[in-house]
Amino acid sequence: MSQQPDTVVEGPTTAHDAARLVSFGLRARLVPARDPDYRDLVRRYLREAEFAALTRAIAAGLGLVVLDVSERAGLVPAGAEDSAFAVRIGDYARRAGGEHRAADRLLHALAQLAVAALAYPRPADLADASYVGRVSVHGVDAFVRESCRLLAERTADDDLNVDPPVDAPQLEAAWRLYARRASTGTTRDARRLAGSTTGIIARAMNFLAESGCLVSVGDEAGGTYRTTPRYQVQIRELAADAAFEELLALGVVTVTDGAGSVRVLVDEPALLEAMPAGEATDV
């Protein structure tokens, strides 16, 4: 059965309010709890079907898709493929220091994927609106390097032991690049080396913080962040991606307690140094 198009209402005041709601959603770090006008418009969206339809129509005209609207996250938009609001990996990598190097673009994409997988390691985490994930730069780097090891084992029996073809799964095409790249390094003025894997991950997390997806909570482990409701909504969309599913299927992420904190494992015992019972290390 064909789906009927949204019915929208007309009127300058209503259209103005709907456009304001979209504009609020484009302010990545703003949440309804911090702005009463934003909160009222979100409640109107949730209460009035016609106002919601008009808001989605205005967003679509701007090249945006409304992923979700809630009092916690506000209006969460995403740029359509041909939208001026879409962030492409090439543009992101250049902004993050990857310039035009294809290898760096691939590593930046892998870093974003790994942050998402560690932030929400279980399907239930994406379904629970109250769930808050915690990730760190060093934790993500350890996670990806363990994934590299598992992928290396998966391809160890290849006769020629060459890089996988272009039609191979995305992660198997990337793990060799990541494994060969230095984890750390500093410049002459003691800044973190941008091309190291921890440098790439730090830039990925800074980008997510600027986009309202992560919030910095400290400098531990190279930089530690918590997730936001906005990020949770966006990762629900990413969770359908084959590369995301493949990364989780490697079994690197292990839940250590009911709060959803995670630990990166290498073999047995854990990669991280043994700690007293009950003191799991968050990443």
Side-chain angles (χ1 to χ4, degrees), residues 3-9 13-81 83 85-87 112-113 115-135 205 207-217 225-241 244 248 255 258-262:
Q3 184 177 359
Q4 295 297 320
D6 289 333
T7 300
V8 300
V9 295
T13 301
T14 300
H16 177 266
D17 289 344
R20 287 184 68 222
L21 178 55
V22 174
S23 72
F24 278 131
L26 290 171
R27 297 167 62 182
R29 300 185 187 184
L30 183 65
V31 293
R34 296 178 182 173
D35 190 299
D37 291 339
Y38 191 9
R39 182 187 62 237
D40 290 345
L41 289 171
V42 165
R43 290 176 176 174
R44 184 177 177 186
Y45 180 100
L46 298 173
R47 184 177 64 248
E48 301 177 18
E50 291 183 339
F51 181 71
L54 179 59
T55 302
R56 291 193 296 271
I58 290 174
L62 293 171
L64 295 167
V65 177
V66 177
L67 298 180
D68 191 33
V69 178
S70 70
E71 291 197 36
R72 292 184 72 243
L75 184 145
V76 183
E81 185 175 352
S83 169
F85 296 100
V87 179
Q112 290 285 346
L113 185 64
V115 171
L118 268 182
Y120 301 100
R122 306 169 299 186
D125 300 333
L126 291 173
D128 183 0
S130 64
Y131 178 82
V132 177
R134 288 174 64 91
V135 288
M205 290 186 170
F207 175 83
L208 290 171
E210 292 172 358
S211 302
C213 296
L214 296 178
V215 175
S216 176
V217 295
Y225 297 79
R226 66 169 174 82
T227 60
T228 67
R230 188 184 189 96
Y231 193 42
Q232 186 181 49
V233 170
Q234 293 179 349
I235 299 308
R236 285 177 192 154
E237 299 294 313
L238 175 64
D241 184 87
F244 185 84
L248 291 181
V255 177
S261 61
V262 296

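For Asp40, the side chain to side chain donor-acceptor pair (under 3.5 Å) test picks out no residue, with sequence neighbours left out. The side chain to side chain donor-acceptor pair (under 3.5 Å) search around Tyr45 returns Arg56, not counting sequence neighbours. For Arg29, the side-chain contact (heavy atoms from CB on, under 4.5 Å) partners two or more places apart in sequence, or in a different chain, are Glu210. Scored by the side-chain contact (heavy atoms from CB on, under 4.5 Å) test, Ala73 finds Ser70, Val76, Pro229 as partners (sequence neighbours excluded). Not a single salt bridge (Lys or Arg N to Asp or Glu O under 4.0 Å) links Asp35 to another residue, sequence neighbours left out. Residues meeting the side-chain contact (heavy atoms from CB on, under 4.5 Å) test with Ser216, sequence neighbours left out: Tyr225. A search for side-chain contact (heavy atoms from CB on, under 4.5 Å) contacts involving Val215 returns Arg226, Thr228, not counting sequence neighbours. For Arg72, there are no salt bridge (Lys or Arg N to Asp or Glu O under 4.0 Å) partners two or more places apart in sequence or in a different chain. The salt bridge (Lys or Arg N to Asp or Glu O under 4.0 Å) check on Arg43 picks up Glu71, with sequence neighbours excluded.
At a threshold of 4.5 Å between non-hydrogen side-chain atoms, the residues Thr14 and Glu50 do not count as touching.
When atom types are taken as modelled, the side chain of Arg230 and the backbone of Gly25 share a donor-acceptor pair closer than 3.5 angstrom. The backbone N or O of Leu208 sits nowhere less than 3.5 Å from a side-chain atom of Gln112 that would complete a donor-acceptor pair.
Here the shortest heavy-atom pairing between Ile58 and Ala19 reads CD1-N, 3.9 Å. Heavy-atom minimum distance, Arg134 versus Val217: NH1-CG2, 3.9 Å. Of all heavy-atom pairs spanning Tyr131 and Pro121, the tightest one is OH-CD, 3.9 Å. The minimum heavy-atom distance between Tyr231 and Ala119, with the atom names listed, is CE2-CB, 4.1 Å.
Heavy atoms from other residues, nucleotides or ligands lying under 6.0 Å from CZ of Arg34 number 12 at most.
A distance of 5.0 Å separates CG in Asp37 from CZ in Arg20, rounded to the nearest 0.5 Å. Going from atom CG of Leu126 over to atom CD of Gln234 covers 12.0 Å, rounded to the nearest 0.5 Å. To the nearest 0.5 Å, atom CG of residue Leu64 and atom CG of residue Leu26 are 5.5 Å apart.
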Under the criterion side-chain contact (heavy atoms from CB on, under 4.5 Å), I'd like the reasoning laid out for Arg44 against Leu21: C-alpha separation, chi angles, the key distance, then a yes or no. CA-CA 10 Å; Arg44 184 177 177 186; Leu21 178 55; over 6 Å; no

Evaluate the side-chain contact (heavy atoms from CB on, under 4.5 Å) criterion for residues Gln232 and Thr227: first the C-alpha distance (whole Å), next the side-chain angles of each, then the deciding distance (0.1 Å), finally the verdict. CA-CA 7 Å; Gln232 186 181 49; Thr227 60; over 6 Å; no

Please determine whether side-chain contact (heavy atoms from CB on, under 4.5 Å) holds for the pair Val42 and Leu75, giving the CA-CA distance in whole Å, both sets of side-chain angles, and the decisive distance to 0.1 Å. CA-CA 7 Å; Val42 165; Leu75 184 145; 5.6 Å; no

